[in-house]
Amino acid sequence: MGSRLGFISAEIEEMKSKGLFKVPPILGGPQGARAIVNGKEVINLSSNSYLQLTTNKKMKKAAIAAIRKYGVGTGAVRQIIGTMDIHEELEKKVAQFKGAEAVLMFSSGVAANSGTIPTLVGEGDVIVSDELNHGSIIDGCRLTKAERKIYPHLNMEELEKILKESKHRRKLIITDGVFSMDGDIAPMDKIVELAEKYDAITYVDDAHGEGVLGKNGRGIVDHFNLHGRVDVEMGTFSKAFGCMGGYIAGTNDLRSYLIQRARSFLFSTSHPPATVAAISAAVDVALEQPKLFDKLWNNTKYFRRKLQKLGFNTGNSQTPIIPVMTGQSAVAQQLSSKLFEKGVYVNPIVYPMVAMDKARVRNIITAGHKRKDLDAALAAFEEVGKELKLI
Ligand SMILES: Cc1ncc(COP(=O)(O)O)c(C=O)c1O
């Protein structure tokens with residue numbers, strides 16, 4: 001059986017021998033600041049649930065009410081008969097929240113990137129992309145016939161050089177807003193200035209800026225006060241908003257165009273009512289509870305400052321994504337597993353997610369973390385860090 005798939009077994013063995021074979025950890029309950037991971041209760045420093053809304057009461061209530069009214073599924077893609085009134089209402093609400101004309105939902109952030117990028121550029125065009133952009137941006141770019149030029153991480157001189165030399169029909173500058181492995185922030189103000197100077201389209205993936213940056217978590221465009229000057233804002237409801245689903249915010253025309261052209265929108269069934277209702281409630285929570293953002297940022301600053309004081313290298317983190325750099329993959333893996341033994345779950349990030357010599361563990365701080373849990377995690381970091389000679 002499966003004789004022609006023998007290469008898979010060989011590749012799996014090779015991954016295992018290099019320590020690159022990963023088994024997803026299993027949550028035995030809700031996703032929270034404390035969670036049951038592989039049967040053990042731990043302090044969870046690995047989720048993207050920045051506002052800790054995955055278990056929010058208002059959102060759960062809204063989801064249950066939507067199931068009662070609309071059922072559990074939509075039965076079709078949006079263009080056939082999968083668009084409910086609640087999908088359209090949610091898109092209008094998110095557009096207002098973001099300060100954009102219009103929003104279009106996709107089944108995920110990955111689908112938003114893979115569906116949208118190929119509608120904007122093609123043969124004769126150029127995509128100018130930060131070297132550390134997320135994999136789903138890279139995949140979206142691969143789906144086009146546009147030329148690709150990569151600029152060194154955050155390097156505005158190199159970006160300008162590429163834009164200046166380009167003779168292409170259209171230029172698209174694409175960047176993560178907050179970089180998912182390093183937690184640093186793209187200089188959107190400078191990127192927009194260059195885009196305006198060289199007549200380029202701007203596209204920002206705000207997956208980790210949403211619910212984190214800007215007033216009430218409106219994201220990176222709000223953070224830099226660039227409303228109306230960024231052409232395409234991609235976001236996701238899967239991180240700070242605690243649910244799932246991607247979206248694109250922009251003009252009414254952009255939305256209409258994507259409805260006609262974006263393949264991942266056209267060919268994928270719409271969100272179930274429960275998810276739509278929960279996301280809608282999440283927007284209300286973000287507007288009604290500004291204290292959540294204070295908690296998120298207080299926790300973030302506290303944890304980063306303490307890690308640095310202990311002597312850890314936290315890279316260029318400016319957000320709740322706080323790496324502890326280890327250099328070698330094996331050290332990141334050891335650090336992660338020793339922390340787990342002490343009741344702290346933090347992901348090792350190794351090649352190919354980052355360059356071979358840039359391994360790290362990645363802490364993600366949320367509004368839901370209690371100070372005593374952060375202190376317990378810091379004590380574990382101190383002990384293991386000394387043992388591994390990282391500090
Ligand atoms: C920067 C970035 N963009 C896009 C995505 C994809 O979002 P989603 O999980 O909604 O598909 C992620 C998720 O990991 C991400 O980190």
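Computation of the quantities below employed the complete heavy-atom set of this structure, encompassing side-chain atoms and omitting hydrogens, waters and symmetry-equivalent molecules. Order of listing sets the numbers, starting from 1, for every ligand and every atom in it. Because the structure is predicted, anything quoted here is derived from the model rather than measured.
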For residues His153 and Phe179, establish whether the separation of their ring centroids is below 6.0 Å.
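Between His153 and Phe179, the centre distance is under 6.0 Å.
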Could you check whether Tyr247 and Phe106 have their ring centres less than 6.0 Å apart?
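Phe106 vs Tyr247: aromatic centres not under 6.0 Å.
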Hydrophobic cluster identity match, Phe21 and Ile8, side-chain contacts under 4.5 Å:
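Yes, Phe21 and Ile8 fall within the same hydrophobic cluster.
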Min heavy-atom dist Ser136 to ligand 1 below 4.0 Å:
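Ser136: in contact with ligand 1 (<4.0 Å).
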Numbering as shown, the atoms of ligand 1 that approach [X] to under 4.0 Å (heavy-atom distance):
X: Lys239; value: 12 (C), 13 (C), 14 (O), 15 (C), 16 (O)
X: Ser108; value: 10 (O), 11 (O)
X: Ala207; value: 1 (C), 2 (C), 3 (N), 15 (C)

I'd like the name of whichever of His134, Met181, Met244 reaches closest to atom 15 (C) of ligand 1 through any heavy atom.
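Selected option, by shortest heavy-atom distance: His134.
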Tell me the nearest of Asp205, Val178, Val204 to atom 4 (C) of ligand 1, using heavy-atom distances.
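Among Asp205, Val178, Val204, the closest heavy atom to atom 4 (C) of ligand 1 comes from Asp205.
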Return yes or no for this condition: an N or O of [X] is under 3.5 Å from an N or O of ligand 1.
X: Ser238; answer: yes
X: Gly109; answer: yes
X: Asp176; answer: no

Specify side chain, backbone, both or neither for Val110, according to which of its non-hydrogen atoms lie closer than 4.0 Å to ligand 1.
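For Val110, the contact with ligand 1 is made by both the backbone and the side chain.
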Heavy-atom check, side chain of [X] versus side chain of [Y], under 4.5 Å:
X: Trp297; Y: Val212; value: yes
X: Ile127; Y: Glu147; value: no
X: Glu158; Y: Val128; value: no

Who's the nearest protein heavy-atom neighbour of atom 16 (O) of ligand 1, and how far?
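In this structure, atom 16 (O) of ligand 1 has His208 NE2, 2.6 Å as its nearest protein heavy atom.
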Could you find the nearest protein heavy atom to atom 10 (O) of ligand 1 and give me its residue, atom name and distance?
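Going by distance alone, atom 10 (O) of ligand 1 is nearest to Thr236 OG1, 2.6 Å.
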Taking every non-hydrogen atom, the tightest pair across Ile248 and Leu254
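Reported closest heavy-atom pair: CG2-CD2, 3.8 Å.
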Which is it for Lys92 and Glu89 under the salt bridge (Lys or Arg N to Asp or Glu O under 4.0 Å) test, yes or no, and what are the steps along the way?
CA-CA 5 Å; Lys92 289 200 176 87; Glu89 285 161 18; over 6 Å; no
